[in-house]
Structure formats: structure tokens, C-alpha cells
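Just dropping this structure here.
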Amino acid sequence: MLGRIGVMIDLVQLRREPDIVKAALARRGVAPATMDAIIAMDVEHRELLQEAERLRAEVKFLSRLVGEARRDKDTETAATLTEKSRALGDDERVATEAMEQVGTKLHEELLMIPNVPDPAVPDGVDESDNVEVRRWWPGMDEGRPFPEYAEYQKVPHWEAGLELGILDLEAGARIAGSMFPLFRGAGSRLIRALSAFSLDRNAGDYEEIHPPTFALTATMMSTGHLPKSVDDMYGMERDGLWAIPTAEVPLTSMHAGEILDEASLPIRLCAETACFRREAGAAGRDTRGVLRVHEFDKVELFAYCTPEQGSSAFDDILARAEGVLQALGLTYRLLNLCTGDLGTSSARTIDLEVFSPGVDRWLEVSSVSWFRDYQARRAQVRYRTSEGTTALVHTVNGSALGWARVWAALIETYRQEDGSVVLPEVLAPYMGELRTIRPKTS
RNA sequence: GGAGGGAUGACAGAGCGGCCGAAUGUACCGGUCUUGAAAACCGGCGUGGGCUUGCCCACCGUGGGUUCAAAUCCCACUCCCUCCGCCA
């Protein structure tokens with residue numbers, strides 16, 4: 001039964017306070033009728049379960065008597081009981097099958113239900129209803145106004161990158177098709193530098209992990225990426241594997257099925273991995289340059305924690321993501337995602353968007369999410385409380401950051417009048433002391 | 001890829017058709033003893049689920065099968081270990 005029933009929202013809570021759950025889920029578009037159907041299915045499943053278990057208990061009881069009769073050499077009684085038990089066994093098989101049929105259907109329905117949104121999540125239908133929390137730009141604290149960008153900064157990165165010989169989109173497309181960028185020379189090193197820079201900032205407090213980039217179907221189920229978002233995932237059918245869309249996938253399952261020590265919480269992890277996204281349905285929209293790509297590198301921060309620690313874990317990851325952007329001197333804003341834009345598994349998400357002057361728009365470079373126990377329930381990650389009971393952990397994660405778009409923002413923001421790019425000083429140690437990327441002079 | 005061995009509770013490790021949800025040891029938690037600790041002794045100690053809260057059901061890698069009855073027998077798969085081959 002473990003891992004089959006109740007792998008989503010809390011089924012116990014749904015039974016106890018159906019109206020509250022229904023109202024909360026209705027905010028994100030789950031029809032109350034859908035939940036009513038699930039509740040009815042749950043009731044039916046339990047009725048069938050009781051009947052099946054009653055028969056099962058009877059068979060077990062009779063079987064024990066058969067054993068005793070045999071031991072007493074009472075073959076006649078044994079034969080009678082065997083016959084009776086056999087007949088009951090047939091009934092039991094039928095009852096169990098009926099129970100499992102409803103159970104499977106219930107399970108499938110439950111897997112499609114998204115997380116219950118936090119009260120702090122604003123109502124809305126799509127990304128246009130997200131609420132801006134605040135913005136930050138270099139010098140803001142000294143009273144400097146929102147930056148004005150010079151004409152030479154308003155060159156999109158695909159032009160600037162081509163000119164500098166650090167981005168070769170044609171080569172990438174030749175190899176893997178469109179939306180697979182190829183960085184070269186200083187551009188390639190910049191990706192590596194950004195990952196190393198971010199990992200070094202955080203690896204002291206967040207244990208550095210280098211996980212697999214492919215995951216089993218069950219693993220993808222745990223985070224909620226499957227079955228709902230199957231069209232956005234790259235799958236390798238022959239091997240039953242999926243390319244991870246984020247390190248959140250392997251990190252969430254790192255402790256799957258375990259009961260953790262409360263004293264060990266929060267467990268904080270960080271990982272840099274390639275991330276793969278099919279971006280189905282996104283063809284042609286905002287896809288120029290590296291605005292939207294199928295593969296990019298990302299540093300992820302992650303925490304398993306108690307429900308009480310959730311809020312501070314969330315704040316810490318958000319602060320660290322902001323810290324990286326501030327250290328890079330990039331302008332960004334925070335968005336509180338509305339119910340319509342919230343990811344399936346998330347109870348609350350803050351997006352970080354960097355401003356990129358060359359394309360004149362805000363680019364999402366991080367998503368900091370609190371999943372409460374939604375993913376932990378699917379992955380069965382629990383902890384032993386001080387009272388000795390078990391409880392599901394909460395999971396929190398956020399990117400710090402996704403590099404392809406940060407790369408673009410850096411190239412555009414720091415582009416100089418002569419076309420060169422002067423990198424933030426903090427990256428110098430990671431760039432082999434290269435501070436300025438200049439056009440190739442032949 | 002080929003050959004062999006293995007998978008049981010936090011760990012070690014028995015059980016190999018029926019009073020086995022599972023011996024025993026260690027660890028852990030309570031208690032007795034002690035000035036205190038250790039030792040010794042006594043007791044407790046897996047996870048889910050259902051309901052009439054006292055009982056019932058499930059789980060001995062996973063999924064099937066045989067049987068009145070499966071940790072135990074059969075089949076398939078997965079993972080781990082050893083050896084051979086191949087290989088960054």
C-alpha cells in the first residue's frame with residue numbers, strides 16, 4: 001500500500017476538511033467536482049478494502065486450523081476446512097481485484113492534483129498576474145536611480161556574442177538542433193566560472209552534490225514532473241530514463257524512502273547540473289539567442305527540513321540567489337507567482353528575473369519554491385520527531401542560478417562602447433584573471 | 001557483454017511451507033542498582049493502511065505464479081559483491 005495511495009495532497013486532510021481543501025485548490029483551477037469525485041472514490045475504495053481484508057482474515061484463520069488439524073492427524077477435518085478456505089479464497093481474489101481497480105484509478109487521479117497553494121500566493125490566471133515584490137539594481141542603496149542603459153548596451157547577446165566569438169548558435173543547431181546553444185572560448189569559460197563562483201559561495205553551508213543527470217520514472221514522479229508535465233521532459237524510452245529538467249529531481253530523491261533524524265535537519269544541498277527542457281509549445285516565442293534553450297547549466301540550492309524550518313529555509317535560499325545576482329551587479333526583480341503560474345508541486349514560489357538591456361526585458365533566472373510535504377509524500381521522505389512519531393519533511397529549493405540567461409544579461413549589461421565586455425571583478429579569479437572579453441583581432 | 005554469489009528490522013545475522021512480523025546479538029529508549037558513570041539485571045524498541053481503538057490487513061529487494069496456507073517453493077526483473085571481457 002505504501003507509495004500507492006495518497007501520494008499528493010494530504011488525503012487525511014481532504015477527508016477531514018474537504019471544503020477547505022476544495023476551496024484552496026479551486027484557486028488554482030481544480031474544479032470542486034473533481035475533488036468530490038476523488039472523495040467518493042476514496043470512500044468506495046475503503047469499503048472494498050474492508051471487505052477484501054475481512055475475507056483475507058478468514059482465509060488466514062481457516063488455514064491455521066488446517067495446519068492444526070493436519071498436525072492432529074485429523075485428515076477429514078483438514079479436508080473440509082481446505083475446501084471451505086479455497087472457496088473463500090476465490091471470493092477474496094474477486095474482492096481484492098475490485099478494490100485494486102478503484103485504488104489504481106484513485107491513485108492516478110491523485111497524481112494529477114497540484115499542491116494546495118499557500119495563502120500568500122496571489123490569485124491570477126497567468127504570468128501577467130504575478131505580483132512584483134521588489135527590485136534591486138547596483139547602487140540602489142546609495143540612492144542611485146534605476147539604471148539607464150546606453151545604446152551600446154542595447155545590443156542583444158546573440159549579436160554581441162557572435163561578434164566576440166563566444167556564442168555559436170549555428171554550430172549548436174548543427175549538432176543538436178535549434179535551442180541548443182554552443183558557447184566557445186571566453187564564453188564557455190564564463191559558464192564554468194559562474195558555476196564555480198556560485199558553488200564556492202554556497203558549498204560551505206550546502207553540501208555539494210554531483211548527482212546523475214538522468215532519472216528513473218519513479219524519481220520523476222516524486223517531484224511532480226511526471227505524469228503531468230510529460231511533454232516538457234526528454235525521455236529515453238529504451239532505458240526507462242528521463243533527462244532531468246533541474247537538479248531538484250535527483251536531490252529530492254536522494255533520501256527517498258528514508259526516515260531522517262530530526263537533529264540532522266535541515267539537510268542543505270547544492271548541485272550544479274545540466275538541465276534539459278523540451279519547451280514544448282514554446283516554438284518561436286522568446287526563443288532568440290539563449291532566451292529559451294533545451295539545455296543549460298544551473299546551480300541549485302536545496303533543503304530538506306521540518307515544517308517549522310520551511311520558512312527560514314525558503315528565505316535563506318532566496319537571499320543566496322539574490323546574493324549571486326547582487327555580486328554580479330545585475331539588475332533584477334522578485335515576483336510572487338500567482339495561482340495560475342505556480343508550478344504543480346509548489347505551494348509558494350518567488351521568481352527572480354534579471355533585467356537584460358540588449359533584449360530589453362526581464363529574464364527568469366531562478367525560481368525559489370516551498371513544496372511543503374507534497375514532494376516528500378511522493379518520495380516518502382520522513383523524519384522522526386522528538387515525540388518518536390514519523391512525519392513528512394518539507395522540501396525547499398531554488399536556483400542560484402540558471403546560467404544561460406545570466407550569461408546573456410552579463411554580456412549585454414557589461415558591453416562597452418567598443419564592443420568588448422568588462423566582466424564583474426568577482427569573476428576574475430574564475431576567469432584566469434581575464435577581465436575583459438574583446439573581439440578577436442585577426 | 002559472460003560466469004558465479006547475495007539481498008531479512010538502525011546494524012549484524014538466523015529462519016528455507018503452517019502459532020514467523022520474524023530467533024539471537026549489538027545499538028537505542030525507560031527502570032533497578034550506584035555518590036556518579038560503567039557493568040549487571042528488568043522492561044520496551046520496524047513501517048504503512050482500515051475500522052466497531054481493540055482488533056484486523058499489508059510489507060522479509062521488485063513484480064508475477066504455485067498452495068487451504070509463502071520470508072520460506074517456481075518464474076521474471078532490479079540492485080550489490082567476486083572473476084573474465086570491453087572501456088573514459
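In the text below, chain A, chain B and the rest are named by the order of the sequence lines, each starting its count at 1.
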Sugar-phosphate, base or nothing in reach of A:K84, heavy atoms under 4.0 Å: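 Since no nucleic acid heavy atom lies under 4.0 Å of A:K84, the category is nothing.
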
Lys/Arg cation over aromatic A:W403: A:R405, 6.0 Å, 45° cone: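 No, A:R405 and A:W403 do not form such a contact.
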
B:rG1 versus B:rC86 - spacing of their P atoms, nearest Å: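 That atom pair is separated by 15 Å.
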
Between B:rC79 and B:rC73 - C1' atom distance, rounded Å: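 Rounded to whole Å, the distance is 23 Å.
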
Stepwise salt bridge (Lys or Arg N to Asp or Glu O under 4.0 Å) check, A:R64 with A:E68: CA-CA 6 Å; A:R64 209 168 312 149; A:E68 284 170 15; over 6 Å; no

side-chain hydrogen bond (donor to acceptor under 3.5 Å, both in side chains) partners of residues 338-348 of chain A, not counting sequence neighbours, each pair once: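 For residues 338-348 of chain A, and leaving out neighbouring residues, the side-chain hydrogen bond (donor to acceptor under 3.5 Å, both in side chains) pairs sorted by first residue read A:N130-A:D341, A:S346-A:T349.
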
Pair pattern of RNA chain B in dot-bracket, where unpaired bases get dots and | marks partners in another strand, Watson-Crick or G-U under 3.5 angstrom: ((((((((.[[[..)..(.....]]].(((((.......))))).((((((..)))))).[[[[[..)....]]]]])))))))....

Listed partners of A:Y206 passing ring pair (Phe, Tyr, Trp, His ring centres under 6.0 Å), at least two apart: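 For A:Y206, no residue satisfies ring pair (Phe, Tyr, Trp, His ring centres under 6.0 Å) once neighbours in sequence are set aside.
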
Contacts of A:E163 that satisfy side chain to side chain contact (heavy atoms under 4.5 Å, CB included) - sequence neighbours left out: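 Once residues adjacent in sequence are excluded, the partners of A:E163 under the side chain to side chain contact (heavy atoms under 4.5 Å, CB included) criterion are A:R415.
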
Protein-nucleotide distance (A:Y383, atom OH; B:rU47, atom P), rounded to Å: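 Checked: the OH to P distance equals 15 Å.
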
What donor-acceptor contacts under 3.5 angstrom involve side-chain atoms of residues 259-270 of chain A, with partners at least two apart or in another chain?
| from | atom 1 | to | atom 2 | distance (Å) |
| --- | --- | --- | --- | --- |
| A:E262 | OE1 | A:S386 | N | 2.9 |
| A:S264 | OG | A:D261 | O | 2.6 |
| A:R268 | NH1 | A:D316 | OD2 | 3.1 |

Distance-only polar pair, side chains of A:T246 and A:K298, donor-acceptor under 3.5 Å: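 Checked: A:T246/A:K298 side chains pair up, N/O donor to acceptor below 3.5 Å.
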
Touch class at under 4.0 angstrom, heavy-atom based, for A:R71 against every strand present: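 The residue A:R71 makes base contact.
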
Closest-nucleotide ordering on RNA chain B, the 5'-leading residue of A:R56 and A:L65: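 Final value for this comparison: A:L65.
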
Could you go over nucleotides 26-31 of chain B and give all protein N or O partners under 3.5 Å, atom names and distances?
none

Protein-nucleotide distance (A:D72, atom CG; B:rG18, atom P), rounded to Å: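 Answer to the nearest Å: 16 Å.
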
Might you list the N or O atoms of the protein lying below 3.5 Å from N or O atoms in nucleotides 60-68 of chain B, with each pair's distance?
| from | atom 1 | to | atom 2 | distance (Å) |
| --- | --- | --- | --- | --- |
| B:rC68 | OP1 | A:R86 | NH1 | 2.8 |
| B:rC68 | OP1 | A:R86 | NH2 | 3.4 |
| B:rC68 | OP2 | A:R86 | NH1 | 3.2 |
| B:rC68 | O4' | A:T82 | O | 3.4 |
| B:rC68 | O2' | A:S63 | OG | 2.9 |
| B:rC68 | O2' | A:S85 | OG | 2.3 |
| B:rC68 | N4 | A:R70 | NH1 | 3.1 |
| B:rC68 | N4 | A:R70 | NH2 | 3.4 |

Short side-chain N/O contact to B:rA58 OP1/OP2 from A:K60, under 4.0 Å: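 Checking A:K60 against B:rA58: at least one side-chain N or O falls below 4.0 Å of OP1 or OP2.
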
Geometric class of the A:Y430/A:F197 ring pair [parallel <30°, tilted 30-60°, perpendicular >60°]: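 It falls in the perpendicular class, over 60°.
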
Distance-only side-chain donor-acceptor flag, A:H394 / A:W370, under 3.5 Å: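 Side chains of A:H394 and A:W370: pair found under 3.5 Å.
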
Salt bridge (charged side-chain N to carboxylate O under 4.0 Å, His left out) contacts touching residues 202-229 of chain A (sequence neighbours left out):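 Residue pairs with at least one partner in residues 202-229 of chain A: A:D205-A:R320.
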
Nearest-Å distance for atom pair NE2/P, residues A:H107 and B:rG49: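 Rounded to the whole Å, the gap is 14 Å.
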
5' precedence on RNA chain B between A:R384 and A:E58 (nearest-nucleotide basis):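 Its nucleotide being nearer the 5' end, the pick is A:R384.
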
Spacing of the P atoms in B:rC57 and B:rC20 (rounded, Å):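 One P to the other, the span is 15 Å.
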
Qualifying residues under ring pair (Phe, Tyr, Trp, His ring centres under 6.0 Å), relative to A:Y414, sequence neighbours excluded: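 Partners of A:Y414 under the ring pair (Phe, Tyr, Trp, His ring centres under 6.0 Å) test: none.
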
By side chain to side chain contact (heavy atoms under 4.5 Å, CB included) - contacts of A:P250 (at least two apart):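 A:P250 satisfies side chain to side chain contact (heavy atoms under 4.5 Å, CB included) with A:P211, A:I244 only.
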
Rounded distance in Å between the C1' positions of B:rU32 and B:rC51: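 40 Å, rounded to whole Å.
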
P spacing across the pair B:rC11 / B:rG65, given as an integer number of angstrom: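 The same atom, P, in both gives a distance of 30 Å.
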
Interatomic distance at C1', B:rG61 relative to B:rC68, whole Å: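 To the nearest whole Å, 28 Å.
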
A:E76-A:T80 side chain donor-acceptor pair, cut-off 3.5 Å: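 No, A:T80 and A:E76 have no side-chain donor paired with an acceptor closer than 3.5 Å.
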
Interatomic distance where CE belongs to A:M99 and P belongs to B:rG49 [whole Å]: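 My rounded result for the distance is 15 Å.
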
Atom-to-atom span, CD of A:E258 to P of B:rG9 - whole angstrom: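 After rounding, the reported distance stands at 14 Å.
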
Donor/acceptor link under 3.5 angstrom from A:E53 side chain onto base of B:rG49: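 Check passes, donor-acceptor contact within cut-off.
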
Same-atom distance (C1') from B:rA70 to B:rG64, integer angstrom: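 It works out to 14 Å between them.
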
Find every protein N or O atom lying less than 3.5 Å from an N or O atom of nucleotides 51-54 of chain B, and list the pairs.
| from | atom 1 | to | atom 2 | distance (Å) |
| --- | --- | --- | --- | --- |
| B:rC51 | OP1 | A:R46 | NE | 2.8 |
| B:rC51 | OP1 | A:R46 | NH2 | 2.8 |

Between B:rA69 (C1') and A:F61 (CZ): distance, integer Å: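 My rounded result for the distance is 14 Å.
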
For atom CG of A:L55 and atom C1' of B:rG50, their distance in whole Å: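 Rounding to the nearest Å, CG of A:L55 and C1' of B:rG50 are 14 Å apart.
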
Between A:T223 and A:Q375, a side-chain donor and acceptor under 3.5 Å: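 No, because no side-chain N or O of A:T223 sits under 3.5 Å from a partner of the opposite role on A:Q375.
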
Check: A:C338 main-chain N/O paired with A:R28 side-chain donor or acceptor under 3.5 Å: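 Not a single qualifying donor-acceptor pair exists.
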
Spacing between A:L49 atom CG and B:rG49 atom P, to the nearest angstrom: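 About 12 Å, once rounded to whole Å.
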
Pairs flagged by ring-ring contact (aromatic ring centres under 6.0 Å, His included) wherever residues 217-273 of chain A is involved - sequence neighbours left out: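 Residue pairs with at least one partner in residues 217-273 of chain A: A:Y234-A:H294, A:H255-A:Y304.
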
Separation of the P atoms in B:rU52 and B:rG13, to the nearest angstrom: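 44 Å, rounded to whole Å.
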
